[in-house]
Amino acid sequence: MVIFWSIIINFCVVLWGPCIALVTFVQNCTKKVCSAKESRNANILAKLLGGLVLFGLFVWAPETIKTSWQELLDIPTIIINEHCFGIIVSALLIVLLTFYIMIFGDSLGVEIFYKYEKLRIVAIGIHLLNNVIMIVYLFLIDKKINIAYWKYLLVFDLIMFATIILVSAIKVAYTEDGRIFEYNTVISQRKISTVGDDKFDLTLDNDEYEITNGEEIIRMKKLTPYQKEGIKKFVELIREKQNDK
């Protein structure tokens, strides 16, 4: 169990810390219906916490991330010396599972229309395939077939983690109750909501969409047909909600 938890902790340091920080930087992390001021404050706070995580890992205690990275690189050696293939694979699968729970869990109760939907699907497929290759590689190591590619597989895996987070952040999204609308391009991270009897209003001007809640305006350009379809469904939803009142 020492090896199992060691692998989990090392991945938390090398992967989860930077990934969580990346998520806070590339999207608006406000989760609840609130005023514009509260939304901005919550988003700023999330980014400050993400910055603190990166500062802690790379500035305050850089030896921690270096040590964890080296221990991940030593996984094939650990398998050879300790004969713990099953334990290490179990740890890798848990890391993979928790990552996808984070990615897909964010869509619970939310309708999401990604700008690069196909690229996202391809990236997820490549990432899962790479993890299968990693497991096969470790199996071969366990059978005394030495192939020196673990470092490259591990680096590529981390790159794919970051790629999926970035591609997943570029989206149009809204909650199923029609209370929160989000437009995210990484650079522009807008999320607005309606409180009480406030209502959303949509206008279209020369292929530029504008959605307002009476207090803030989100302007959207260069949307894909898939994202435009998402906005159409959002308008239908809020009109249905308004007609029910």
Side-chain angles (χ1 to χ4, degrees), residues 19-48 50-51 102-125 162-245:
C19 275
I20 291 173
L22 181 60
V23 168
T24 65
F25 288 130
V26 300
Q27 66 183 36
N28 188 314
C29 295
T30 307
K31 295 294 184 182
K32 63 180 182 178
V33 174
C34 56
S35 66
K37 182 179 179 180
E38 291 173 328
S39 177
R40 283 193 297 270
N41 290 342
N43 194 33
I44 291 171
L45 178 60
K47 286 173 172 50
L48 286 175
M102 180 185 76
I103 291 295
F104 291 106
D106 192 47
S107 63
L108 293 176
V110 181
E111 296 291 336
I112 303 177
F113 300 83
Y114 299 102
K115 183 168 187 176
Y116 303 110
E117 173 71 12
K118 293 181 179 179
L119 177 60
R120 180 175 179 268
I121 293 172
V122 170
I124 289 173
T163 300
I164 292 169
I165 290 174
L166 287 172
V167 174
S168 297
I170 305 173
K171 62 190 176 183
V172 164
Y174 58 88
T175 55
E176 292 178 350
D177 61 4
R179 281 292 187 178
I180 300 177
F181 181 86
E182 177 181 6
Y183 172 64
N184 196 47
T185 64
V186 176
I187 296 174
S188 175
Q189 303 170 6
R190 304 297 307 280
K191 185 179 288 188
I192 59 175
S193 58
T194 54
V195 181
D197 294 328
D198 293 341
K199 295 186 292 185
F200 284 112
D201 186 41
L202 172 71
T203 59
L204 174 60
D205 182 22
N206 294 326
D207 207 35
E208 177 179 304
Y209 289 80
E210 289 187 1
I211 287 184
T212 178
N213 60 356
E215 183 180 4
E216 289 186 289
I217 298 176
I218 293 181
R219 294 182 175 87
M220 297 167 284
K221 298 179 180 179
K222 298 179 180 180
L223 298 175
T224 64
Y226 183 57
Q227 289 179 303
K228 291 178 181 178
E229 181 65 24
I231 292 177
K232 180 181 177 182
K233 290 182 179 180
F234 175 66
V235 172
E236 292 173 352
L237 174 65
I238 58 177
R239 284 177 179 170
E240 180 182 330
K241 296 288 184 181
Q242 291 168 4
N243 292 333
D244 289 341
K245 292 183 177 181

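Residue indices begin at 1 and follow the sequence shown.
Crowding of Ile187 atom CD1: a count of heavy atoms from other residues, nucleotides or ligands under 6.0 Å not exceeding 12.
Atoms CD and CD, from Gln189 and Gln27 in turn, are 7.5 Å apart once rounded to the nearest 0.5 Å. Annotation: the span from Lys222 atom NZ to Gln227 atom CD amounts to 13.0 Å, rounded to 0.5 Å. Going from atom CZ of Phe104 over to atom CD1 of Ile124 covers 4.0 Å, rounded to the nearest 0.5 Å. Note that NZ of Lys171 and CD of Glu182 are 4.5 Å apart. Values are rounded to the nearest 0.5 Å. Taken from CD1 in Ile164 to SG in Cys19, the straight-line distance is 9.5 Å, to the nearest 0.5 Å. The structure places CE of Met220 at 6.5 Å from CG of Leu202, a figure rounded to the nearest 0.5 Å.
What you find for Lys191 and Ile218 is that their closest heavy atoms are N-CD1, 4.3 Å. Heavy atoms only, all atoms of each residue included: Ala169 and Val186 are closest at CB-CG2, 4.3 Å. Contact record, Ala123 with Thr163: CB-CG2, 4.5 Å, taken as the closest heavy-atom pair. When all heavy atoms are compared, the tightest approach of Val110 to Ala173 is CG1-CB, 4.0 Å.
Using modelled atom types, no side-chain atom of Asp201 and backbone atom of Thr212 make a donor-acceptor pair closer than 3.5 Å.
For the ring-ring contact (aromatic ring centres under 6.0 Å, His included) test with Phe113, the passing option among Phe181, Tyr183, Phe234, Tyr226 is Tyr226; the others fail.
Residues passing the side chain to side chain contact (heavy atoms under 4.5 Å, CB included) test with Ile20 are Trp16, sequence neighbours excluded. Partners of Glu210 by salt bridge (Lys or Arg N to Asp or Glu O under 4.0 Å), not counting sequence neighbours, listed by chain and number: Arg219. Partners of Arg120 according to the salt bridge (Lys or Arg N to Asp or Glu O under 4.0 Å) rule, which considers only residues two or more places apart in sequence or in another chain, do not exist here.
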Working for side-chain contact (heavy atoms from CB on, under 4.5 Å), residues Tyr114 and Val167: CA-CA 8 Å; Tyr114 299 102; Val167 174; 5.9 Å; no

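Inter-residue side-chain proximity for Asp177 and Leu237 is flagged as unmet; no heavy-atom pair is nearer than 4.5 Å. In this structure, Val26 and Ile170 have side chains that are not in contact, with every pair of non-hydrogen atoms separated by 4.5 Å or more. A heavy-atom distance below 4.5 Å is found between the side chains of Val23 and Met102.
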